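Inspection log for the structure reproduced underneath, given as structure tokens.
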Number of protein chains: 4
Amino acid sequence: MAARVRLSAEVRRAQIVDSAIGVIADDGFAAATFARIARRAGLSSTALISYHFTDKADLMRAIVGAVFAKAYDFIRPRMDAQSSPAAILHEFIVASVEFYAAHPQAIRALTAVRGNLRRADGRPEFGPEIHDPELAQLQEFMHQAQRAGEMATFDTRVAAVSLRAALDAAALEVSRPDRTDPARYARELARLFASATGQKAVKP
Amino acid sequence: MAARVRLSAEVRRAQIVDSAIGVIADDGFAAATFARIARRAGLSSTALISYHFTDKADLMRAIVGAVFAKAYDFIRPRMDAQSSPAAILHEFIVASVEFYAAHPQAIRALTAVRGNLRRADGRPEFGPEIHDPELAQLQEFMHQAQRAGEMATFDTRVAAVSLRAALDAAALEVSRPDRTDPARYARELARLFASATGQKAVKP
Amino acid sequence: MAARVRLSAEVRRAQIVDSAIGVIADDGFAAATFARIARRAGLSSTALISYHFTDKADLMRAIVGAVFAKAYDFIRPRMDAQSSPAAILHEFIVASVEFYAAHPQAIRALTAVRGNLRRADGRPEFGPEIHDPELAQLQEFMHQAQRAGEMATFDTRVAAVSLRAALDAAALEVSRPDRTDPARYARELARLFASATGQKAVKP
Amino acid sequence: MAARVRLSAEVRRAQIVDSAIGVIADDGFAAATFARIARRAGLSSTALISYHFTDKADLMRAIVGAVFAKAYDFIRPRMDAQSSPAAILHEFIVASVEFYAAHPQAIRALTAVRGNLRRADGRPEFGPEIHDPELAQLQEFMHQAQRAGEMATFDTRVAAVSLRAALDAAALEVSRPDRTDPARYARELARLFASATGQKAVKP
DNA sequence: GATGAATGAGGTTTCATTCAT
DNA sequence: CATGAATGAAACCTCATTCAT
């Protein structure tokens, strides 16, 4: 019998979240039972999960929060370092793809949880509207670029939705075994986006 | 008590598939239990499902097949009626969005099943490679358009993946309660794609 | 492995109710888990209980209903055969004690369920008001006896409550191992009640 | 966060017992988990209960002891102040009902624990024999009253059991929201008892 | 004395599926 | 073809209790 290991709540929670991400990424949302998560994390009992999370939904929300925070911390500073709206969007694309390539499991788990988690009443915990704040952000940058003459006129909602979707697809694409080189994929996608939005000059 | 109804196997299967699509679209993949599907279909016993489908996986695959066939029958003839590669792709986009707007439940169920169904060994039944044949098709049309001088040069894989993803996102977008008018969405998306691919002239 | 036994829902439900009564009477309300009830009834799985009862509360309510019906069927006809209000109450006492002596397990289970069953919100399923209809009945007979000059004047609510309580206590008393002879206990209690209510003559 | 409070063992035990009484009275025996008791008492951990009581059964026995002692201290002196056996029994009844009216929670908890607590082997911790000493006491007073010519002859065991039961019922009756005035209830019950036992004169 | 983390047993319930009718 | 009863596995969660600090 393994010795009783005592960790701080924070560390234990992170450990459980990581284990859950692994299970979901490898075996799918439905396979993410407490028993499997506990086994993968080397916990003595599933009760330990219940001790640190009020609910299974609570654990799932923690996964979303953790992945989202990690992505934000990686991508945001690189966007902030840019000086023009078009450059910001370009960097957003490139940094996002890089992050996806670096953390394929987290992204797969995030997608699975977002698509499957439901409230007790059956309504989705994360409906399509979950993307709206981010889409609004993207649209704002596009508007700025349009006003600055960096981009042509187009429907920013359709463009933002399509860009967001293209990035989600890129996440899967760059984590395939026979995957394209992520840097090249990012470059191509950015070029495609620049062309779609009618940018005059594309970064070399 | 409802009278015992006897139907031909084919009709019964279709009824069960439809019911399952409704449950998945409304309440999610995990809620698609035999009990719920049977109740929604007005069946007296879940055994009837087991009788007509060897497996739960069998039922799920039947859903995918049914939706896919319906979409194919709607979209394919309209593509075939076009005369140039670029026009074919344009029609593909427009017809797809129209189909999504007309059958939101089917699309939502299809997405859910594709994302969640696993084989007994845990591997996904529909991995990312499921899209490959369709992507290859799209890439082929793009190549033809490029050779014909209708489109500029770009990485067709990235473009095809992104288009496929943008269409999936469109499906959700046009089935939201406060949804954009599908026809307009289709037009905007087609224009965006035309611009991204460097098409000279866009259909009015 | 035992052969699969198929029973009608009605028979199976009765079997489960009986088993549950036995467990509660022998080992208490808290011990009445599905596992123990199933084992005592020789069921292959606790799922069979869930199949026949929507809830654990549903099973508990079935116990109360079953015991109550059995007692009613035994006691009521004997009351109806009497010709005066005082004689009816006398017979009520005697028949009740006899029933308790004949079915000690059922009575103990009934008491346990009534005292412990709670609704989901925590409120008692059977509060003190559960006795009110029966108490009202008893008070009505007492009033009739008073008007007929068979009984003196007294507060019928207090008398009815006390009689009901004395009978409950009698149930325990006559089911003790070293128990008094039930017939004698019934006679003594009836005499005590007659005296308390100021009856002129007591049945010999 | 609440400051860490250090109390003497005695005070802490009493605090826990009070909290447990409250939980049992409000939500029933089954709801009396360490978690709920600790929360209601404002304790930071259930371990504190385990520290002060060897067992859950130990806590339950402490509840019974505490309530019993409180009742004894209230009722006994008033009985001792009487001069005749009949007067003692009269005062016992009146004082008991007054106590029940003043401490409804304690009584409800006492009843619940007595009815449900079991030993490890499943046998009741407080069987029907728990009442025997008190019943013997009551019977002794009745015998004395009979010898003194204050009461008629009757079976004292039946009378004592019935009186004890009538008092338990009174406890519930006077704690109902629409309750009878306890003083009046006590008077009526005492009169009923006097009449049942053939007392010559009843105290005014 | 007090605390928060950890433990393992066991609770109800739901599931897909099988079987006899 | 259809049905309702039966099955055994496994789900989440709560429990009293122990342990290290």
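Values in this document were obtained by computation on a predicted structure and should not be read as measured data. Here is how names work: the chains are called A, B, and so on, in the same order as the sequence lines, proteins then strands, and each is numbered from 1.
Summarising the geometry, the separation between CZ on C:Arg39 and P on E:dG11 is reported as 9 Å, rounded to the nearest angstrom. Regarding D:Leu48, its CG atom lies at a distance of 15 Å from the P atom of F:dA16, rounded to whole Å. We find that CZ of A:Phe29 is positioned 13 Å from C1' of F:dA11, with the value rounded to whole Å. Distance, A:Gln15 CD to E:dA5 C1': 13 Å, rounded to whole Å. In this structure, C:His52 places its NE2 atom 17 Å from P of E:dT12, rounding to the nearest Å. Going from atom CD1 of A:Ile49 over to atom P of F:dT14 covers 13 Å, rounded to whole Å. Going from atom CD of A:Glu10 over to atom C1' of E:dG4 covers 15 Å, rounded to whole Å. One can place CD1 of A:Ile16 at 14 Å from P of F:dC12, the figure rounded to the nearest angstrom.
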Audit row: B:Asp26, B:Arg40, salt bridge (Lys or Arg N to Asp or Glu O under 4.0 Å) steps and yes/no: CA-CA 11 Å; B:Asp26 287 355; B:Arg40 185 185 253 251; 2.4 Å; yes

Worked verdict on C:Arg12 versus C:Gln15 for side chain to side chain donor-acceptor pair (under 3.5 Å): CA-CA 5 Å; C:Arg12 190 62 97 186; C:Gln15 179 200 21; 2.8 Å; yes

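In this structure B:Arg123 satisfies the side chain to side chain donor-acceptor pair (under 3.5 Å) test together with B:Asp121, sequence neighbours excluded.
Screening B:Asn116, B:Asp55, B:Leu117 against B:Met60 for a side chain to side chain contact (heavy atoms under 4.5 Å, CB included) leaves a single residue, B:Leu117. The one candidate from B:Leu43, B:Ile21, B:Asp18, B:Val23 that meets the side chain to side chain contact (heavy atoms under 4.5 Å, CB included) condition with B:Ile37 is B:Val23.
Among the protein residues, A:Leu7 comes within range of the sugar-phosphate backbone only, with heavy atoms under 4.0 Å from sugar or phosphate atoms but none that close to a base.
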Secondary structure string for DNA chain F (Watson-Crick or G-U under 3.5 angstrom, | for other-strand pairs): .||||||||||||||||||||

Reading 5' to 3' through nucleotides 15-21 of chain E, protein heavy-atom contacts under 4.0 Å coded B for base, S for sugar-phosphate only, - for none: SSBBBS-

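Once rounded to the nearest 0.5 Å, the distance linking CZ of C:Phe53 with CD1 of C:Ile63 reads 8.0 Å. The line from CG of D:Leu110 to CZ of D:Phe126 is 8.5 Å long, rounded to the nearest 0.5 Å.
Closest approach of D:Phe29 to D:Ala112, counting heavy atoms only: CD1-O, 3.9 Å. Closest heavy-atom contact between B:Arg118 and A:Ile24: NH2-O, 4.5 Å.
Look at B:Ser44 and you won't find any side-chain N or O under 4.0 angstrom from OP1 or OP2 of F:dA2.
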